[in-house]
Amino acid sequence: MAARKSARRFWLVRSEPDVYSIDDLARDGVTCWDGVRNYQARNTLRDDMSVGDGVLFYHSNAKPLAIVGVARVSRAGYPDHTAWDPKTKYHDPKSDPSSPTWYMVDIEFVARFDEPLCRDQLLDEPELAGMALLQKASRLSVQPVTPDEWSRVLKMAGARVKLG
DNA sequence: GCCAACGTTGGC
DNA sequence: GCCAACGTTGGC
């Protein structure tokens, strides 16, 4: 069988808007998604996210709790240098520069939803019942999203998105 | 502010 | 390698 181009994948990142909001991303255009210090999320950042992948942007610990927009991966996983910067709160002296523990990607602003797509609405949508974001278990700051969940969320938000 | 869920740590 | 203790996260 011929090799097939790998399909675009979809993700969700959560961020406290007090720290970094969709408006900050809209202003910056591109940002490095640094400071993730969880091994499972690290693996996703390092191994799984590819340029062009779609990213839902979720505001956590905020009012409203909501998916507020869309980004795309603009640079695949590379070492998170904030781990070696004692001046940042993400400093991790255990991370060895010759074998980095922590990784980040760059994400690029694509769109802000006209209205935040609130957690309540997501919880009310049966087709999203399996979404990682909505499981009590999940605290992951970077999570996978299925293609079905992706299109359902965009439909609910009334958003048309071109990831380029 | 509470507390359930979960990841990490460290003694054994 | 187990697991109890502890700290953190994040929705409520």
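A note on names: the letters A, B, ... follow the listed sequences, proteins ahead of strands, and every chain is numbered from 1.
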Contact check, side chains of A:Arg14 and A:Arg139, non-hydrogen atoms, under 4.5 Å: no
Name the residue from A:Asp48, A:Asp53, A:Thr44 that meets the side-chain hydrogen bond (donor to acceptor under 3.5 Å, both in side chains) definition with A:Trp11. A:Asp53
Would you kindly give the CG-to-P distance between A:Leu134 and B:dA5, to the nearest whole Å? 16 Å
Out of B:dT8, C:dG11, C:dC12, minimum distance to the side chain of A:Arg14 belongs to C:dG11
Rounded to the Å, how far apart are A:Asn38 CG and B:dT9 P? 12 Å
Could you check how far CG of A:Leu140 sits from C1' of B:dA5, rounded to whole Å? 12 Å
Between A:Arg37 (CZ) and B:dT9 (C1'), how many Å, whole number? 18 Å
Exercise: do A:Arg37 and A:Thr82 side chains pair donor with acceptor under 3.5 Å: yes
Testing C:dG10, B:dG7, C:dC12 for proximity to the side chain of A:Glu16, the answer is C:dG10
Given C:dG11, is OP1 or OP2 found less than 4.0 Å from the side-chain N or O atoms of A:Tyr58? yes
A:Asn61 atom CG is separated from B:dC2 atom P, nearest whole Å, by 16 Å
Which of the following nucleotides, B:dT8, B:dA5, C:dG11, is nearest to the side chain of A:Lys136? B:dA5
Could you state the atom-to-atom distance from NZ of A:Lys63 to P of C:dC12 in whole Å? 12 Å
Check whether more than 12 heavy atoms from other residues, nucleotides or ligands sit under 6.0 Å from atom CZ of A:Arg160, and answer yes or no. no
Between P of C:dG10 and CG of A:Leu122, the distance in whole Å: 16 Å
Measure from CD on A:Gln135 to P on C:dG10 and round the result to the nearest Å. 16 Å
With distance as the sole criterion, is a donor-acceptor pair present between the side chains of A:Tyr78 and A:Asp106 under 3.5 Å? yes
Look at A:Arg119 and C:dC12 and indicate whether a side-chain polar atom (N or O) is within less than 4.0 Å of OP1 or OP2. yes
Nearest to the side chain of A:Tyr39 - B:dA5, B:dT8, C:dC12? B:dT8
